[in-house]
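Counting from 1, the numbers follow the sequence of the chain as shown. Remember, predicted model here, so these are calculated numbers, not experimental data.
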Amino acid sequence: MGYTKTAILMAAMTALFMAVGYALGGGAGLLIALAVAVGMNGYSYWNSDKAVLRMHNAQECNSQVYPELERMVHQLADGADMPRPRVYVINEDQPNAFATGRNPENAAVAATTGLLRRMSNEEVAAVMAHELAHIRNFDTLIMTITATFAGAISMLANFAMFFSAGRERGNIVVTLLVMILAPMAAAVVQMAISRSREYEADRVGAEICGNPLWLASALEKIQGFASRIDYDRAEANPQTAHMFIINPLHVHKRDKLFSTHPNTENRIAALVKLAEEQGQSVSRGRANPWG
């Protein structure tokens, strides 16, 4: 099912990319956009995860670099009967995390230093479990491909005035519309993908870590910090915002276009309800193996 969704997404984003190319350059622009889209589809499938990690200057964990985080993630993956992902850390004060990769066998999770510093071990484990859930559900392939195409479409739209130099005024009006509508269309695709998958990743993540309340607590804290701590790399690459557990953007007005996540209070309420259904409480949750 994950590959079917990905194929549909790639076709939709290719069509959108070609539409922008046609609006900017007519038939020639459409052909150029088609050629670029074909190349991007191949690149996105094999390398989009590496590109996203580079965007955020992520450093891979090892025996010298945050080994405790790597051990925690591997323990969670083993408990969930999943392949062990690569584990990365990002030197950012805002607590946040994301997952990437084309399949569970070629996946990675990344956490900011702010998350590790500001969250308890239980909360970090719950956040990492949420990211593992995205990997299990094949969300990561969809998210990384969307980020690559959304960034390319936005870039193409930003160059629209350059392509329209010397054209008639009517064409310039079309170009201006493309500059406005193309990034919005890409953001709409991201929102459609992101909102429903977050609830499912919360549910599966709670199952992986063993206590929905750990994740509920983490979401509440991350939302509070993310609303007042800047994340400069995310602001420079807003097309990746949908990949994070909580939207990292809040500085610029344009960030509202990339408001890809469901309401955090609703996510917390769903987790609390799940805990109640399981007969759990903060004091009666499963013992913490990372304390």
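Under the 3.5 Å distance criterion, the side-chain polar atoms of T113 are left unmatched by any main-chain donor or acceptor of N91. A donor-acceptor contact shorter than 3.5 Å is absent between the side chain of N137 and the backbone of D139.
In terms of the salt bridge (charged side-chain N to carboxylate O under 4.0 Å, His left out) criterion, residue partners of E92 (sequence neighbours excluded) are, by chain and number, R233. R118 is linked by a side chain to side chain donor-acceptor pair (under 3.5 Å) to D93, counting only residues two or more places apart in sequence or in another chain. Every residue two or more places apart in sequence or in another chain was checked for a salt bridge (charged side-chain N to carboxylate O under 4.0 Å, His left out) with R228, and none qualifies. The side chain to side chain donor-acceptor pair (under 3.5 Å) test applied to S120 returns E122, E123, not counting sequence neighbours.
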Derivation of the side-chain contact (heavy atoms from CB on, under 4.5 Å) call for L271 and L213: CA-CA 7 Å; L271 287 164; L213 295 175; over 6 Å; no
Criterion side-chain contact (heavy atoms from CB on, under 4.5 Å) on M128 and L69, from CA distance to verdict: CA-CA 9 Å; M128 292 297 97; L69 177 63; 4.1 Å; yes
side-chain contact (heavy atoms from CB on, under 4.5 Å) between D49 and N106, intermediate numbers included: CA-CA 9 Å; D49 56 332; N106 297 276; 5.5 Å; no
Step-by-step side-chain contact (heavy atoms from CB on, under 4.5 Å) determination, L116 to T112: CA-CA 7 Å; L116 303 180; T112 65; over 6 Å; no
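Nearest heavy atoms, R267 versus L219: NH2-CD2, 3.6 Å. L132 and A77 get closest at one heavy-atom pair: CD1-N, 3.8 Å. Minimum heavy-atom separation, C209 to L76: CA-CD2, 4.2 Å. Here the closest heavy-atom approach between residue A241 and residue P248 is recorded as O-CD, 3.7 Å. When all heavy atoms are compared, the tightest approach of G205 to A133 is N-CB, 3.7 Å. Nearest heavy-atom pair, G101 versus T140, reported as atom, atom and distance to 0.1 Å: O-OG1, 2.7 Å.
To the nearest 0.5 angstrom, N211 atom CG is 10.0 Å from S217 atom OG. With rounding to the nearest 0.5 Å, the separation of CG in N237 from CZ in R54 is 12.0 Å. If you take CZ on R203 and CD1 on I208, they are separated by 10.0 Å, rounding to the nearest 0.5 Å. Here the OH atom belonging to Y231 is positioned 7.0 Å from the OG1 atom belonging to T240, to the nearest 0.5 angstrom. The CG atom of N247 sits 10.0 Å away from atom CD of E198, with the distance rounded to the nearest 0.5 Å. Atom CG of residue N96 and atom CE of residue M243 lie 11.5 Å apart, to the nearest 0.5 angstrom.
Atom CD of E68 has more than 12 heavy atoms from other residues, nucleotides or ligands within 6.0 Å.
For residues 85-108, every residue pair satisfying the ring-ring contact (aromatic ring centres under 6.0 Å, His included) rule, not counting sequence neighbours, is listed here: H56-F98, F98-F244.
We find that D78 and R84 are joined by a salt bridge, their nearest charged nitrogen and carboxylate oxygen being less than 4.0 Å apart. With salt bridges taken as basic N to acidic carboxylate O contacts below 4.0 Å, none links D81 and R136.
With contacts defined as side-chain heavy-atom distances shorter than 4.5 Å, the pair F225/M119 qualifies. Side-chain contact between T100 and L53 is present, with heavy atoms from C-beta onward closer than 4.5 Å. Taking the side chain as every heavy atom from C-beta outward, R71 and H74 never approach each other to under 4.5 Å.
L274 and V127 fall into different hydrophobic clusters, defined by Ile, Leu, Val, Met, Phe, Trp and Tyr side-chain heavy atoms under 4.5 Å apart, directly or through other members.
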For residues 57-66, tabulate all N or O donor-acceptor pairs below 3.5 Å that involve a side-chain atom, not counting sequence neighbours.
| residue | atom | partner | partner atom | Å |
| --- | --- | --- | --- | --- |
| N62 | OD1 | Q64 | N | 2.8 |
| N62 | OD1 | V65 | N | 2.8 |

